[in-house]
Amino acid sequence: MLELRPNCECCDADLPPESAEARICSFECTFCAACADQRFAGRCPNCGGALVARPIRPAALLAKFPPSTERVRKAHAACVG
Ligand SMILES: [Zn+2]
Ligand SMILES: [Zn+2]
């Protein structure tokens, strides 16, 4: 099951579970659309895999299957500044 991480690991933008801006790779490295497209050209900087739009979990299921609250940050070269 997807963790649905709450933020972009590059710029720390909030990415709530209903966000259409969230992008993930197969390992669930999570980025906002701006970072995924503009900084990383659609490729995960951790694993090199494709970043795709994160599916949106139906709101009715979020209470039973809540999103992660653990914010993940990583210092990628493209994220500095
Ligand atoms: Zn970002
Ligand atoms: Zn990755």
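Only heavy atoms go into these numbers, but all of them, side chains included; no hydrogens, no water, no symmetry mates. All ligand and atom numbering here is 1-based and tracks the order in the structure. Position 1 is the first residue of the sequence, and the numbers go up from there.
Remark: the backbone N or O of Val72 is paired with a side-chain donor or acceptor of Asn7 at under 3.5 angstrom. For the pair Arg39 (side chain) and Ala34 (backbone), a donor-acceptor distance under 3.5 Å is absent. Distance alone, capped at 3.5 Å, is enough to place a donor-acceptor pair between the Arg54 side chain and the Leu15 backbone.
Summarising the geometry, atom CZ belonging to Arg57 is positioned 12.5 Å from atom CD belonging to Glu18; distances are rounded to the nearest 0.5 Å. Atom CZ of residue Arg73 and atom SG of residue Cys11 lie 7.5 Å apart, to the nearest 0.5 angstrom.
Leu2 and Pro55 get closest at one heavy-atom pair: CD1-CD, 3.8 Å.
Other members of the hydrophobic cluster containing Leu61, listed by chain and number, are Met1, Phe65; membership follows side-chain contacts under 4.5 Å among ILVMFWY residues, whether direct or relayed. When hydrophobic side chains of Ile, Leu, Val, Met, Phe, Trp and Tyr are connected at separations under 4.5 Å, Phe40 ends up clustered with Phe31, Leu51.
For the Zn ion (ligand 1), protein N, O or S atoms closer than 2.8 Å were enumerated as Cys8 SG, Cys11 SG, Cys32 SG, Cys35 SG, with waters left out.
Taking 4.5 Å as the limit, every side-chain heavy atom of Ile24 sits out of range of all side-chain heavy atoms of Arg5.
Protein atoms of type N, O or S found under 2.8 Å from the Zn ion (ligand 2) total 4.
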